[in-house]
Enquirer: 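After the structure tokens below, expect a handful of questions from me.
What you see is a predicted model, and the numbers here were worked out from it, not measured in a lab.
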Amino acid sequence: MVTVSDFSAFGSRVTGLLLAGTILSGVPMAAAAQVQPSTPPPPVPVATPAKIGDSQPAVKVIRSLRVEGSQRIEPETVLSYTKLRVGQSFNDETLDQAIKDLLASELFADVTIDGAVTGDVVVRIRENPIINRVLFEGNKRLKQDKIDKEIKLKPRQIFTRAAVRQDVQRLIELYRRQGRFAASVSPKMVSLDQNRVDIIFEVNEGPKSKVQQINIIGNNVFNDAKLRAQMATKQARLTSILSSNTSYDQDRLAYDQQKLRQFYLTQGYADFKVTSAVAELTPDKRDFIITYVVEEGKRYKFGEVTVDSDIRDFDGKKLVKGLAVRQGDWYNAKKVEDTVESLNNTAGLYGYAFADVNPEFVRDPDDLTMSINFHIAQAQRTYVERVDINGNTLTQDKVIRREIRLTEGDAFNRFLVKRSQDRINSLGFFQDKFEIQEKPGSAPDRIVLEANVEERSTGELNLSVGFSSLERFVLQAAVRQRNFRGKGQELRANASFSQFSRALELGFTEPYLFDRNIALGFDIFRRDFRNFNFTDAARRTNFLQTSTGFSIRAGVPLTEYWSFTARYLLQYDELTLGREFLDVNGNCDPLIAGRFLCEQLGRRFTSAFGYTLSYNSLNSGLFPTAGRRLTINQDIAGLGGDVRYLKTQFNFIEFKNLGSNFILSFFIEGGHIIPLQGERGPGIDPIQINDRFYLGEPFFRGFQIRGVGPRVQRLQFDLNGNPIEDRRQIRDDALGGRTYYHGRLELQVPLGSGVRELGIRPSIYVDFGALFGITRPLPTAVFPTVTDPVTGRVTVLPLQRPDLDQTTRLPLFVVPAGSANAGALTTCPIGFSDTAGGTCTGTSQNLASTTPVGPFLERFAGDTPLPRVTVGVGANWNSPFGPLRIDVAYALISRFGDDPKLITFNVGTQF
């Protein structure tokens with residue numbers, strides 16, 4: 001039979017057992033187990049009559065001692081937990097203590113002792129059961145593996161109520177660590193046969209306890225909102241629904257007190273303190289209300305600021321001039337810390353690795369000033385004894401050592417140590433925030449630099465499926481090894497496919513050729529690109545570009561921040577048209593494609609030499625927050641090949657941290673192409689259409705792809721002979737340009753830790769730029785017109801295009817009515833011939849066979865250097881589907897012919 005017990009009243013149960021143990025029965029019972037003395041029992045002593053007034057209890061002697069009810073535990077083991085022995089005197093207190101001792105062993109569920117009257121003592125026990133299983137119900141938010149690590153009850157152990165109570169507390173503590181203070185645990189016991197039980201913990205997890213309110217008492221200078229903004233803990237509000245800091249955390253409570261103190265110390269309140277911090281549960285035990293009581297104190301200013309140096313190389317008066325701390329400024333503890341660090345770094349630059357800078361404060365409570373003397377203790381100039389590298393199992397030592405700017409025997413320089421850390425971090429081979437440790441050497445003037453690296457995986461296999469407003473669906477596969485063979489070499493292969501482009505690329509880079517600081521690399525590629533025009537939002541392919549080639553490059557550093565790279569490119573391009581722009585013979589039809597496109601078709605080789613001059617002081621290659629980068633590129637084509645030009649480009653970007661995680665960046669780029677060959681004909685630009693610059697989405701946000709710059713727009717005529725200006729019915733062909741500029745001012749805006757944890761980086765920005773400078777194309781066709789003599793209205797007539805024989809390409813004629821073979825097509829202007837180009841017989845005057853082409857108007861637009869300006873908001877998100885970028889940008893200033901676009905987004909691929 002199985003029974004279920006509830007553990008809701010452990011304490012009362014144990015108390016009842018202890019009370020019951022003092023009620024001793026004198027009724028003899030059959031012994032389940034008996035311990036026989038090895039010698040005859042001693043004679044029962046005769047009790048001495050007690051004197052009148054004697055309060056001592058009567059002393060009895062144990063004649064025999066038995067244990068009943070033991071199943072797994074031997075009787076001798078049971079008695080070993082007590083002090084009861086045969087022949088020993090006892091009283092009621094002795095028996096009570098024996099019961100307590102047995103229960104304290106946690107082996108027994110119930111204990112009673114009989115035979116106190118006769119001395120034949122019987123210890124009756126009921127053993128605790130064995131645990132068969134430990135089960136949990138209702139734990140959805142807490143993983144089972146975390147519970148198993150904390151819970152002490154295990155199968156095949158002896159069940160005790162105390163152990164159950166302890167595990168209940170452990171479970172509740174686990175949930176409190178998760179911020180679930182309303183969680184409750186109810187233990188149940190299911191009795192089985194053979195004195196076994198199943199223990200079931202029924203868990204009611206409850207909601208996550210939030211911080212409902214943060215109260216601050218005693219603040220007069222700063223309001224509550226200002227002080228709450230300094231804390232890591234946030235109040236649970238709709239605006240903080242994505243934040244994880246709205247849950248209560250005891251450790252975070254102490255951290256917030258420190259943050260409050262830091263804030264006041266930066267505002268001049270040197271006497272500020274938090275007198276109390278109390279967290280109280282709401283009546284429903286679901287949320288917390290936190291109350292801080294603070295004392296702001298008086299506001300201090302910096303008094304006299306001096307530097308006292310025991311190192312004779314340093315002049316204290318000169319050092320004071322370069323400090324951020326100034327007499328008369330409001331006291332700021334952060335500035336003091338920065339000054340100490342600055343002085344330490346200054347000492348490190350001169351080789352004093354272990355310089356000790358101590359700020360000595362003199363507080364004047366009357367004048368409310370804080371005078372500071374920065375004392376630089378005597379130190380020895382330090383030299384690098386050795387550089388130790390540990391932890392690199394794959395990466396060769398030389399790959400790390402060549403990035404370290406100090407070698408054995410060099411004078412210590414903290415700037416070079418920091419620079420070495422940045423260079424090693426930029427490799428991306430090791431753990432984040434790698435630091436070079438500075439340890440004392442074998443002598444006071446020696447230092448050991450220790451680089452303890454933790455290697456990370458440098459191989460990458462990316463398979464992605466994405467969607468973008470630029471290329472529609474995108475499939476991409478890439479294999480990349482950034483630390484090939486542990487030598488820092490990069491090997492990569494990339495394949496991508498979308499509706500408008502296909503590409504296959506292979507590349508290899510050796511960063512240190514023959515262990516010299518010379519980078520050498522090459523790329524082999526094949527790219528198929530479908531250029532398109534717009535009619536309404538629909539895209540139509542107008543020309544197809546197939547590029548096959550390779551490039552080789554070599555680079556050397558000029559200084560710590562400047563580098564130079566030279567390259568050579570050999571590329572074969574083939575430009576063809578989409579089928580809808582070809583005539584019946586497969587040739588480019590200007591009346592369909594446009595004269596400006598037919599002039600660009602063909603095959604050509606490009607042989608180009610180029611170089612890049614670059615300056616880079618960014619503090620991160622992925623998400624920089626400070627520093628700048630300048631790049632100047634020039635390529636000259638014409639040393640062989642079919643095209644000749646000089647292309648120059650530059651770009652500059654700078655980041656500035658404004659504080660509070662606001663990052664301001666300014667970006668500017670531009671380019672110009674100079675043709676090095678003669679004119680190709682009237683209305684034909686000397687630079688091929690695929691070599692020109694283009695501007696628009698995704699770089700110039702707020703405009704359609706290639707939506708800025710020179711273009712040809714084709715308009716149809718309505719029934720009244722007027723051109724249709726509806727943008728949805730205009731065919732738009734971007735031509736590109738020879739000169740462009742583009743700039744951006746962008747501010748990254750923090751939206752709270754919860755948003756940052758999701759990898760979301762929002763920003764607001766202003767973009768400006770222009771694309772211009774090509775030869776104005778000639779119109780494709782000139783249509784005949786007629787003018788009404790009465791109204792003066794001009795009507796544009798269709799253009800009659802001669803029909804040609806598909807074989808001979810000779811003009812076709814129609815035999816007129818009334819003649820032999822009337823209505824038949826022939827290549828004879830007079831007479832008739834059964835074969836194209838054959839002998840003509842007859843005298844009929846044939847009419848030219850033509851096909852009418854509806855009139856259209858072509859206009860050239862967008863070729864102006866005047867700036868276009870857009871404003872917008874956007875966000876980057878490292879989503880589970882890949883990097884996502886969404887922008888909402890509005891064109892404040894646009895020019896005639898430009899193609900604005902309000903919303904753009906990309907998922908699964910980057911451009």
Enquirer: Gln634 vs Leu613, test: side-chain contact (heavy atoms from CB on, under 4.5 Å). Steps then yes/no.
Expert: CA-CA 9 Å; Gln634 272 198 323; Leu613 184 63; over 6 Å; no

Enquirer: Minimum heavy-atom separation for Ile663 to Asn657, with atom names?
Expert: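 Looking at all heavy atoms of both residues, the closest pair is CD1-CG, 3.7 Å.
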
Enquirer: Please report the C-alpha distance between Leu323 and Val307 in whole Å, then the side-chain angles of each, then the deciding distance to 0.1 Å, and finally whether the side-chain contact (heavy atoms from CB on, under 4.5 Å) criterion is met.
Expert: CA-CA 10 Å; Leu323 299 183; Val307 176; 3.7 Å; yes

Enquirer: Considering only heavy atoms from C-beta outward, does the side chain of Phe650 approach that of Ile668 to under 4.5 Å?
Expert: yes

Enquirer: Any side-chain heavy-atom pair from Asn651 and Ile653 closer than 4.5 angstrom?
Expert: no

Enquirer: Does the pair Glu341/Arg414 count as a salt bridge with the N-to-O cut at 4.0 Å?
Expert: no

Enquirer: Going by atom types only, do Asn483 and Thr395 share a side-chain donor-acceptor pair under 3.5 Å?
Expert: yes

Enquirer: Donor-acceptor check, side chain of Ser607 to backbone of Leu639, threshold 3.5 angstrom: yes or no?
Expert: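 The answer is yes, because a donor-acceptor pair under 3.5 Å joins these two groups.
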
Enquirer: Restricting to non-hydrogen atoms, name the atom on Leu771 and the atom on Pro710 that form the minimum distance, rounded to 0.1 Å.
Expert: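 Shortest heavy-atom contact: O-CD, 3.4 Å.
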
Enquirer: Quick check: does any side chain N or O of Thr739 sit under 3.5 Å from a backbone N or O of Gly737, one acting as donor and the other as acceptor?
Expert: no

Enquirer: Would you give the length of the straight line joining atom CD of Gln421 to atom CD1 of Ile404, rounded to the nearest 0.5 angstrom?
Expert: 10.0 Å

Enquirer: If I compare all heavy atoms of Glu408 with all of Val387, which pair ends up nearest, and what's the gap?
Expert: OE2-N, 3.2 Å

Enquirer: Do Tyr740 and Glu669 have side chains that get closer than 4.5 Å, going by heavy atoms?
Expert: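 The answer is yes; the side chains approach within 4.5 Å.
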
Enquirer: Taking salt bridge (charged side-chain N to carboxylate O under 4.0 Å, His left out) as the criterion, tell me which of Arg604, Arg527, Arg603 meets it with Glu574.
Expert: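 Among Arg604, Arg527, Arg603, the one that satisfies the salt bridge (charged side-chain N to carboxylate O under 4.0 Å, His left out) with Glu574 is Arg603.
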
Enquirer: Run the numbers on Phe550 and Ile524 for side-chain contact (heavy atoms from CB on, under 4.5 Å), then give the verdict.
Expert: CA-CA 4 Å; Phe550 75 91; Ile524 303 173; 4.3 Å; yes

Enquirer: Check this for me: does any side-chain nitrogen of one of Glu654 and Lys656 sit under 4.0 Å from a carboxylate oxygen of the other?
Expert: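 No, Glu654 and Lys656 are not salt-bridged.
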
Enquirer: For a quick test of reading the model, state the closest non-hydrogen atom pair linking Phe508 to Arg553 and the distance between them.
Expert: O-NH2, 3.9 Å

Enquirer: Is the shortest distance from a Lys or Arg side-chain nitrogen in Arg446 or Glu385 to a carboxylate oxygen in the other one below 4.0 Å?
Expert: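 Between Glu385 and Arg446 there is no salt bridge, as every charged N stays at least 4.0 Å from the carboxylate O atoms.
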
Enquirer: Counting N and O atoms only, with roles assigned by atom type, does the side chain of Arg405 sit under 3.5 Å from a partner on the main chain of Glu560, one being a donor and the other an acceptor?
Expert: no

Enquirer: Check for a donor-acceptor pair, side chain of Asn452 on one end and backbone N or O of Asn390 on the other, with a separation under 3.5 Å.
Expert: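 Checked: no pair found.
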
Enquirer: In the structure I gave you, are the side-chain heavy atoms of Leu449 and Val384 within less than 4.5 Å of one another anywhere?
Expert: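 A side-chain contact under 4.5 Å exists here.
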
Enquirer: Nearest 0.5 angstrom please: Phe415 CZ to Asn345 CG, how far?
Expert: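 If we round to the nearest 0.5 Å, Phe415:CZ and Asn345:CG are 10.5 Å apart.
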
Enquirer: For side-chain contact (heavy atoms from CB on, under 4.5 Å), just list the numbers for Tyr645 and Thr606, CA-CA rounded to whole Å, side-chain angles, deciding distance to a tenth of an Å, and then say yes or no.
Expert: CA-CA 10 Å; Tyr645 60 77; Thr606 300; 4.1 Å; yes

Enquirer: Between Ser309 and Phe314, what is the shortest heavy-atom contact and its length?
Expert: OG-CB, 3.5 Å

Enquirer: Could you tell me whether a side-chain N or O of Thr339 sits under 3.5 Å from a main-chain N or O of Lys335, the two making a donor and an acceptor?
Expert: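 A pair under 3.5 Å: yes.
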
Enquirer: Tell me if a side-chain donor or acceptor on Thr559 pairs with a main-chain N or O of Tyr561 at a distance below 3.5 Å.
Expert: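 At least one qualifying donor-acceptor pair exists.
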
Enquirer: Using 0.5 Å steps for rounding, measure from the CG atom of Leu735 to the CD1 atom of Ile774.
Expert: 4.5 Å

Enquirer: Under 4.5 Å between any side-chain heavy atoms of Asp767 and Phe699, yes or no?
Expert: no

Enquirer: Using a distance-only test with no angle check, is there a side-chain donor-acceptor pair under 3.5 angstrom linking Thr407 and Arg401?
Expert: no

Enquirer: Any idea how Tyr572 and Phe605 line up, ring-wise: parallel (<30°), tilted (30 to 60°), or perpendicular (>60°)?
Expert: tilted

Enquirer: Looking at Arg423, I want to see if its CZ is surrounded by more than 12 non-hydrogen atoms of other residues, nucleotides or ligands under 6.0 Å.
Expert: yes

Enquirer: Under the 3.5 angstrom rule, does the side chain of Glu455 hit a backbone N or O of Phe429 as a donor-acceptor pair?
Expert: no

Enquirer: If you compare all heavy atoms of Asp887 against all heavy atoms of Gly874, which two are closest, and at what distance to 0.1 Å?
Expert: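 Closest pair (atom of Asp887, atom of Gly874, distance): OD1-CA, 3.5 Å.
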
Enquirer: I'd like to know if the side chain of Tyr615 reaches the main chain of Arg628, judged simply by a donor and an acceptor atom lying under 3.5 Å from each other, with no hydrogens or angles considered.
Expert: no

Enquirer: Which value, rounded to the nearest 0.5 Å, describes the distance between Arg482 atom CZ and Leu491 atom CG?
Expert: 13.0 Å

Enquirer: When you check the gap from the basic side-chain N to the acidic O, do Asp685 and Arg738 get nearer than 4.0 Å?
Expert: yes

Enquirer: Is there side-chain contact between Asn633 and Arg567, with at least one heavy-atom pair below 4.5 Å?
Expert: yes

Enquirer: Testing the 3.5 Å rule here: is there a donor-acceptor pair between the side chains of Thr346 and Tyr352?
Expert: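 No, Tyr352 and Thr346 have no side-chain donor paired with an acceptor closer than 3.5 Å.
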
Enquirer: Gln677 side chain to Pro686 main-chain N or O, any donor-acceptor pair under 3.5 Å?
Expert: yes

Enquirer: Do Lys398 and Tyr512 have side chains that approach each other closer than 4.5 Å (heavy atoms only, starting at C-beta)?
Expert: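 The answer is no; the side chains never approach within 4.5 Å.
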
Enquirer: Spell out, as yes or no, whether a donor-acceptor pair under 3.5 Å connects the side chain of Arg761 to the backbone of Gln748.
Expert: no

Enquirer: Let me confirm one number: the CG-NZ distance from Leu676 to Lys647, rounded to the nearest 0.5 Å.
Expert: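 One finds 12.5 Å between CG of Leu676 and NZ of Lys647.
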
Enquirer: Rounded to the nearest 0.5 Å, what separates atom CD1 in Ile632 from atom CZ in Phe652?
Expert: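 So the CD1 of Ile632 and the CZ of Phe652 are separated by 11.5 Å.
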
Enquirer: Any side-chain heavy atom of Arg680 within less than 4.5 Å of one from Gln600?
Expert: yes

